[in-house]
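Here the structure comes first, spelled out in structure tokens, and everything after it is commentary.
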Amino acid sequence: MKNSFKLEVLKTNKILTTEEQSKFRLKFKPFLNIEGVISLCLEEEHLYIEYDPIFFNLDSFKEILTAVGFPLELENIKLASSNLMS
């Protein structure tokens, strides 16, 4: 059976400290209950999102990330906004 999950790597606009990573991991814990989210992995400069594209809208998720104060690189935010306009 073919794996239909996708992996997206989002870059942060700064290097996150260990403390910041811990705080965001706590904030992200409920996101694992969003339908379509398979896994989240946060590192110093990247957030890895494994998801099912049938049930999960990545652009909407990027907006949620910025709403909770996650330092998403500006390019990632622009992409999300331009996709909503299309």
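These numbers come from the heavy atoms of this one structure, side chains and all, not from hydrogens, waters or symmetry mates.
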Exercise: identify the closest heavy-atom pair between P71 and F24: CD-CZ, 3.6 Å
Identified side-chain contact (heavy atoms from CB on, under 4.5 Å) partner of T17 from the options K14, Q21, E19: E19
Would you say Y51 ends up clustered with I54 if hydrophobic residues are merged whenever their side chains have heavy atoms under 4.5 Å apart, either directly or through other cluster members? no
Hey, is the main chain of S60 close enough, under 3.5 Å, to the side chain of E63 for a donor-acceptor pair? no
Compute the ring centroids of F61 and F31, then answer whether they are less than 6.0 Å apart. yes
Would you give me the side-chain donor-acceptor pairs under 3.5 Å for residues 33-45, sequence neighbours excluded?
unit_1 : atom_1 : unit_2 : atom_2 : d
S39    : OG     : E50    : OE1    : 3.0
E45    : OE1    : K11    : NZ     : 3.1

For T12 and I15, indicate whether the former's side chain and the latter's backbone hold a donor-acceptor pair under 3.5 Å. no
What is the distance from atom CZ of R25 to atom CG of L16, rounded to the nearest 0.5 Å? 9.0 Å
Examine L26 and F70 and state if one hydrophobic cluster contains both, with Ile, Leu, Val, Met, Phe, Trp and Tyr joined whenever side-chain heavy atoms are less than 4.5 Å apart. no
How many angstroms lie between atom CD1 of I64 and atom CG of L72, to the nearest 0.5 angstrom? 12.0 Å
Indicate the atoms forming the closest heavy-atom contact of P53 with S4, along with that distance. CD-O, 3.3 Å
Side-chain heavy atoms of L10 within contact of I49, under 4.5 Å: yes
